[in-house]
Engineer: 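The structure that follows is given in the form of structure tokens.
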Amino acid sequence: MADQGNEKKQGFVEHITPRDVDFSQWYTDVIMKTELVDYAPVRGCMVLRPYGYAIWERIQEEMDKRFKATGHQNVYMPMLIPESLLLKEAEHVEGFAPEVAWVTQGGNEPLQERLAIRPTSETIFCAMYSKWVSSWRDLPMKYNQWCSVMRWEKTTRPFLRTAEFLWQEGHTIHATAEEAQEETLQMLEVYREVVEEELAIPVLVGRKSDKEKFAGAQATYSMEAMMQDGKALQAGTSHNFGTNFAEAFNIQYLNKEGKLAYVHETSWGTTTRLIGAIIMTHGDERGLKLPPRIAPIQVVIVPVAAHKGGVLEKCQELHDQLKAQGLRVKLDDRDTLSPGFKFNDWELKGVPLRIEIGPRDLEKGECVVFRRDTYEKRSVAISELDRLLPQLLEDIQRNMFAIAKEFRDGRITVVSGMEELKKATENGFAKAMWCGDRACEDEIKAEMSVTSRNMPFDQEPVGDKCVCCGKHADKVIYFAKAY
RNA sequence: CGAGGUGUAGCGCAGUUUGGUAGCGCGUUUGGUUCGGGACCAAAAGGUCGCAGGUUCAAAUCCUGUCACCUCGACCA
């Protein structure tokens, strides 16, 4: 029975729009049919269903433990921000004003001052920090909050852009510019680590251009992932505010020399958009494909002819054993569905490993193990599973990252002129030299709807002339169409 | 927000041109037989036709408005 990975026998049933026919429709089919989300009866909002929320909880867990390990604490700020507070930092207001939702009435009384539903919480963190800091001994303060924010977006798509979304926002204040910069880059690295090692999504990290940076930031850094349609998805950002907000909100402390000084501030965020990134990085013709480390269910056990010869009992026993071993395992004991249906169903839902156990296997003390990433099926002694499954999960994790990275790298093209840039960004990223002028970015965006993504650190130049204007250039930069 | 498209049972659709009893497939429920890649038989339940107005003896069908979703553009995580 070994290696019966015969493609023809694996009559998988097509239930979603093929990925290469209509990527966008494929995405919608996948998120709906896997029951990750549903549309809410509110404009632009989505409901995270149990399976979708479970993925978010896994991401939270991985992020949160690293935040704690790097010395951060969680807090919770109010959802409502007084208008006067939001108006304090000019660039910040300008950036967010168009998409703020307002509360104008409390009960039956109109409010004296309208309240913004937070689009982000810099201003309220600043208001509190200004109360809490007085001495250099109070610094740094490194807080994070898990919450939802609201941005009145004109067009929305589940996970990628919704009016309300779940995220974490870290906000820290420091005594020196050096510390703030170190924090900014440290958190970018934490993000990179979670996304590459846990979500198996390769990312390009680097600094944003001034045009693309956060409203009110001195510098913004991002990680950018490539989706299977070649478009970029900004997967997380980390900002250094310098003293911009501290000056606007008067966050001062007495330094060691006994003089008043402004704090240096950072903020950084990742959102449920990461779930969209997982779907569009790894998904295939059969649906979702979850990296083992983030999958809410790593191993599903499907009994065949469950009522015969103690099959179900054996499956239950195996389930308990694997669970005790620390694997996230599920026994599919639904009694009205055929095994074939369940195979398709769990592949659609992206579970990395499936174990099939039927009467024929039991006679031999074996089971069939199926890999979601390679579609490979093979017979294995049940007694080997405790050793084999963790190895397979690690192998799948590595394999998924390698495939995603190979795909991405194969679609990054070094370009030196506008025609090449246009061609490269039709289905991937362009890597180019840039002079640093805003005008060149504007021209590229106007002509081909392509934006600069970020400027990688420590990169060898790929030329010495700006891709747009041809003048001297010393900045390596990525361009792409973006979500 | 600009251009185009779609809203009819949980899902996928027909019916709209030419107004006249609300249809099909899948799913669901009950019973039985099945179970190694979306099983089969029998019976049953399920819809104010996206929503709000209007025209008409009569509206899924005609008119006006509005909302949601999809595709392509402009803004954003």
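The sequence lines fix the lettering, A, B, ..., with proteins before strands; numbering per chain opens at 1.
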Engineer: By the 4.0 Å heavy-atom rule, please label Thr156(A) as base, sugar-phosphate, or nothing.
Structural biologist: sugar-phosphate
Engineer: We want to know whether Thr156(A) and Arg43(A) form a side-chain donor-acceptor pair, criterion being a heavy-atom distance below 3.5 angstrom.
Structural biologist: no
Engineer: Which part of the nucleic acid, if any, lies within contact of Pro303(A), taking any heavy atom under 4.0 Å across all strands shown: a base, the sugar-phosphate backbone alone, or nothing?
Structural biologist: nothing
Engineer: Among C70(B), G37(B), G38(B), which is the nearest nucleotide to the side chain of Ser338(A)?
Structural biologist: G38(B)
Engineer: May I ask which nucleotide in the shown strands pairs with C35(B), Watson-Crick or G-U wobble, both distances under 3.5 Å?
Structural biologist: none
Engineer: Between G37(B) and Glu347(A), counting only base atoms on the nucleotide and side-chain atoms on the residue, is there a donor-acceptor pair under 3.5 Å?
Structural biologist: yes
Engineer: Could you measure between the two C1' atoms, the one in G27(B) and the one in C40(B), and give it in whole Å?
Structural biologist: 16 Å
Engineer: How would you label the contact of Phe165(A) with the nucleic acid (heavy atoms, under 4.0 Å): base, sugar-phosphate, or nothing?
Structural biologist: base
Engineer: Select one nucleotide: of C75(B), G36(B), A74(B), the one nearest the side-chain heavy atoms of Arg360(A).
Structural biologist: G36(B)
Engineer: Taking any strand in view, what nucleotide pairs with G2(B) in a Watson-Crick or G-U wobble way, both distances under 3.5 Å?
Structural biologist: C72(B)
Engineer: Between Tyr39(A) (OH) and A68(B) (P), how many Å, whole number?
Structural biologist: 13 Å
Engineer: Counting any heavy atom closer than 4.0 Å, what does Thr237(A) reach on the DNA or RNA strands: base, sugar-phosphate only, or nothing?
Structural biologist: nothing
Engineer: Could you tell me the separation between the CZ atom of Arg378(A) and the C1' atom of G37(B), rounded to a whole number of Å?
Structural biologist: 20 Å
Engineer: Start at the 5' end of RNA chain B and walk down; is the nucleotide closest to Lys33(A) or to Phe159(A) reached first?
Structural biologist: Lys33(A)
Engineer: Hey, is Glu198(A) close enough to Arg66(A) for a salt bridge, meaning N to O under 4.0 Å?
Structural biologist: yes
Engineer: Check this for me, if you would: do Lys314(A) and Asp361(A) make a salt bridge, where the nitrogen-to-carboxylate-oxygen distance has to be below 4.0 angstrom?
Structural biologist: no
Engineer: Separation of Phe341(A) atom CZ from U28(B) atom P, in whole Å?
Structural biologist: 8 Å
Engineer: Using Watson-Crick or G-U wobble geometry with both distances under 3.5 Å, which nucleotide pairs with C62(B)?
Structural biologist: G54(B)
Engineer: Specify the separation, in whole Å, of atom CG of Asp361(A) and atom P of G37(B).
Structural biologist: 12 Å
Engineer: In whole Å, I'd like the distance from the CD1 atom of Ile31(A) to the P atom of C69(B).
Structural biologist: 11 Å
Engineer: Find the distance Asn344(A):CG to G36(B):C1' and express it as a whole number of Å.
Structural biologist: 13 Å
Engineer: Is a side-chain donor-acceptor pair under 3.5 Å present for Arg453(A) with Thr451(A)?
Structural biologist: yes
Engineer: In whole Å, what is the span from the CZ atom of Arg334(A) to the P atom of U29(B)?
Structural biologist: 12 Å
Engineer: Closest-nucleotide mapping onto RNA chain B: is Tyr483(A) or Thr28(A) further toward the 5' terminus? I mean the 5' end.
Structural biologist: Thr28(A)
Engineer: May I ask you to say what Leu160(A) touches in the nucleic acid, namely base, sugar-phosphate or nothing, with a heavy-atom cut-off under 4.0 Å?
Structural biologist: base
Engineer: Side chains of Glu153(A) and Thr162(A) only: does a donor on one sit below 3.5 Å from an acceptor on the other?
Structural biologist: no
Engineer: If we call it a pair only when both distances are under 3.5 Å in a Watson-Crick or G-U wobble match, what pairs with A43(B)?
Structural biologist: U29(B)
Engineer: Under a 4.0 Å threshold between the charged nitrogen and the carboxylate oxygen, would Glu347(A) count as salt-bridged to Arg354(A)?
Structural biologist: yes
Engineer: Please determine, for G12(B), whether a Watson-Crick or G-U wobble partner exists with both distances under 3.5 Å, and give it or none.
Structural biologist: C24(B)
Engineer: Whole angstroms only, please: what is the CD-P distance between Glu356(A) and G37(B)?
Structural biologist: 8 Å
Engineer: Taking the same atom, P, in G5(B) and in A45(B), what whole-Å distance lies between them?
Structural biologist: 40 Å
Engineer: In terms of side-chain heavy atoms of Thr155(A), which of G36(B), A74(B), C70(B) is nearest?
Structural biologist: A74(B)
Engineer: Out of G37(B), G36(B), C35(B), which has the shortest distance to the side chain of Lys377(A)?
Structural biologist: G37(B)
